[in-house]
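Okay, so here's the structure we're looking at.
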There are 2 protein chains.
Amino acid sequence: MRDILEIQRQLMPDFLEVMKKRYTVLHHIMVSGSIGRRTLALSLDMTERVLRGEIDFLKSHGLIEIEASGMSVSEVGRQLLERMEPLIKEVFGLTDLEEQIRSAFNLKQVVIVAGDADHSSFTKRELGLAGAAVLRKNVTNDDIIAVTGGSTMAGIASQLVTSAPLKGSWFVPARGGLGESVEMQANTIASEMAKKTGGQYRLLHVPDDLGEEAYQSLMQEASIKEIIDFVRKCRIVVHGIGDAMIMAKRRKVDLETTANLQQAGALAEAFGYYFDRSGAVVHKMPTLGLQLEDIQRTEIVIGVAGGKSKGEAIASVLRFGHEDILVTDEAAANEIIKHF
Amino acid sequence: MRDILEIQRQLMPDFLEVMKKRYTVLHHIMVSGSIGRRTLALSLDMTERVLRGEIDFLKSHGLIEIEASGMSVSEVGRQLLERMEPLIKEVFGLTDLEEQIRSAFNLKQVVIVAGDADHSSFTKRELGLAGAAVLRKNVTNDDIIAVTGGSTMAGIASQLVTSAPLKGSWFVPARGGLGESVEMQANTIASEMAKKTGGQYRLLHVPDDLGEEAYQSLMQEASIKEIIDFVRKCRIVVHGIGDAMIMAKRRKVDLETTANLQQAGALAEAFGYYFDRSGAVVHKMPTLGLQLEDIQRTEIVIGVAGGKSKGEAIASVLRFGHEDILVTDEAAANEIIKHF
DNA sequence: AACCGATGGGACATAAAACGTCCTAGCAGC
DNA sequence: GCTGCTAGGACGTTTTATGTCCCATCGGTT
């Protein structure tokens, strides 16, 4: 069943919206017993005319009966509602979750795909697909898009296809090398995205673990500086979110820092910053590229991460308060709600 | 799965059409490998602009890739097509069948519901629902609608609901009493339909098994004559279709006539006439009401019958050649095709 | 190398559908 | 009989879908 809905969501995204709407109307009529058009419109927060369209449809298909005293569901409609119950639970589940999280963290948009990326590689693909779709929808012309590394971001890259606005865009790594394996480094992902979409890219080649003086001298380098300025002009940031300790380990952070992180209660990592439960920054990786203030003024910040194990981490980053769009999966979404 | 599609078919009939269309387009692109818009439009019998709308959609959702040399399905699209296969088989199965039967017997419209009315009472309900929907769609204002008896017709009556044009309509029995049990007699059904829709009705009370002189004297009766003339002015006929032998038995036809029927190869019964395999009339029940010539000039003749066991009978009546719309179920439809 | 045909994409007027808004007659319960 | 609902009609406006061209471009063929 879920697969059918997924297919339909992919082939006709509006479809499920209409289904939700019709169901809501029908269901509301049933609950109300007998109700009038205007009253119903008010209660459903629809305009009278739109509701009327639905009413006409439902009536013409014999799902409701209309009398002078108001509308009521017909026997056929009642049976339909009953049969729909499990289906609607499925359809609504995710969209309800989306709306809950969206309003809880004051986001612009939340997209949830079904499943758990921790256990299902299919869900991972879905996550990549959804991320790619969100990116495609938000990009306009000649945008600069900063991306981070990680397997989720790689998943997005693999699902991207070309489109007119994407073709003129620039893909850049959000920050310098952060010690991941090559195929998951931001540089690699930026270039792959550019390749997939027909867009352009610029890379930021800086070694990890810079000492203060090396850092300063690199910043003096005109070519490096020029690229960093370019990166900081980005309109869109797409980034993954990780568990703080796992990320620290993967990046081979030294023991002392790891201890500090642990003590500070670091839970999550995103674009090189570590966040505690309350969303406060407790540590920063010393590398070039986008800084916190850049994130804050970036027009569209898109976070993509899934899997039950990442739920808490995602909640932390959301609490940080500068995300605009979140793409996640069902398992993580349920965790996020728990940690609200 | 089938249930989900049934629900959706009921709640949003257009969307399955959209699904079919999008699938067809996508599938065709895959089969063609790389193809241009105009060529594709020609091959799919769509206008260029409409196809373009679909193309834009498919592209914006990353299901196809567009290059200067033409369009091709993306990896994502390919996966979607693969996943859709069983789904589409289900969705298309019926509509394909519909079209096959429609063109085979030169009908105006064929509606097929899923299942087998012989075995599933749910399919029987669906059949009634579909019949009611077809009737509702075809009725205009103040129509005279002649109906026959039978359990299928009773099913339609039970699913009818009121609507503006139906309210002004007249329901009449197509022919006089044909020896069924009361709740399945045409008279009963006509009055129930009127009750359900808010329409009006007139009944035709004539005894069964009329002798020739009684027949003649009844015809002289002004009130009877008046009603019969009224019935014959009908614009719409809705009738069931039965197996000849079963109907003969149910109506307690005498042994001699039964033997005659058998010898003449009677297969099907509809509105009091018996048809053989080729669709020729081999017997006629002696009662008042609509005659064959009336059926022939009636604007809309709607036949409703389902169940595998009735397939052959339905095919016979269709071959008779004066049906306009057929409402049946999947099992019967498959039989009908076999007997073409 | 030049040409031809098919390609995607842009543009625009028009038809059609969706929509917001207001009005009216009628029925139900008080 | 009055009040507050009800459904349904009407109409102008806005948005969307559609038919119909045109054009620059790319690929393959001559």
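All figures in this text were calculated on a predicted structure; none of them were measured in a lab. Naming: A, B, ... by sequence-line order, numbering from 1 per chain.
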C/dT7 OP1/OP2 closer than 4.0 Å to side-chain N/O of B/Thr39
yes

With a 4.0 Å limit, can you tell me whether B/Ser69 has a side-chain N or O closer than that to the phosphate oxygens OP1/OP2 of D/dC26?
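Answer is no, no contact under 4.0 Å.
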
Report the distance from atom [atom1] of [X] to atom [atom2] of [N], rounded to the nearest whole Å.
{"X": "B/Lys59", "N": "C/dG9", "atom1": "NZ", "atom2": "P", "value": "4 Å"}
{"X": "B/Leu40", "N": "C/dG8", "atom1": "CG", "atom2": "C1'", "value": "13 Å"}
{"X": "A/Glu48", "N": "D/dA10", "atom1": "CD", "atom2": "P", "value": "16 Å"}
{"X": "A/Ile66", "N": "D/dT6", "atom1": "CD1", "atom2": "C1'", "value": "11 Å"}
{"X": "B/Met46", "N": "D/dT18", "atom1": "CE", "atom2": "P", "value": "10 Å"}
{"X": "A/Arg52", "N": "D/dA7", "atom1": "CZ", "atom2": "P", "value": "10 Å"}
{"X": "B/Leu42", "N": "C/dT7", "atom1": "CG", "atom2": "C1'", "value": "15 Å"}
{"X": "B/Asp14", "N": "C/dA17", "atom1": "CG", "atom2": "P", "value": "12 Å"}

What nucleic acid atoms does A/Ile35 come within less than 4.0 Å of, heavy atoms only: base, sugar-phosphate, or nothing?
sugar-phosphate

Could you check whether A/Leu51 gets within reach of a base, just the sugar-phosphate, or nothing at all, counting any heavy atom under 4.0 Å?
nothing

Can you name the nearest heavy-atom pair linking A/Arg202 to A/Pro173, along with the distance?
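Result for this residue pair: O-CD, 3.1 Å.
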
Which atoms form the tightest heavy-atom contact between A/Gly62 and A/Val76, and what is the distance?
O-CB, 3.9 Å

Of the nucleotides C/dG8, D/dC26, C/dA28, which has the atom closest to the B/Ala68 side chain?
D/dC26

Among D/dA7, C/dG9, C/dC22, which nucleotide sits nearest the side chain of A/Arg38?
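Among D/dA7, C/dG9, C/dC22, the one nearest the side chain of A/Arg38 is D/dA7.
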
Regarding A/Glu323 and A/His239, do their side chains bring together a donor and an acceptor under 3.5 Å, going by distance alone?
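Yes, A/His239 and A/Glu323 have a side-chain donor paired with an acceptor closer than 3.5 Å.
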
Rounded to the nearest 0.5 Å, how far apart are CD of A/Glu99 and CG of A/Leu94?
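Atom-to-atom, A/Glu99:CD and A/Leu94:CG are 13.5 Å apart.
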
May I have the step-by-step check of salt bridge (Lys or Arg N to Asp or Glu O under 4.0 Å) for A/Glu192 and A/Lys195, ending in yes or no?
CA-CA 5 Å; A/Glu192 190 187 342; A/Lys195 188 178 127 204; over 6 Å; no

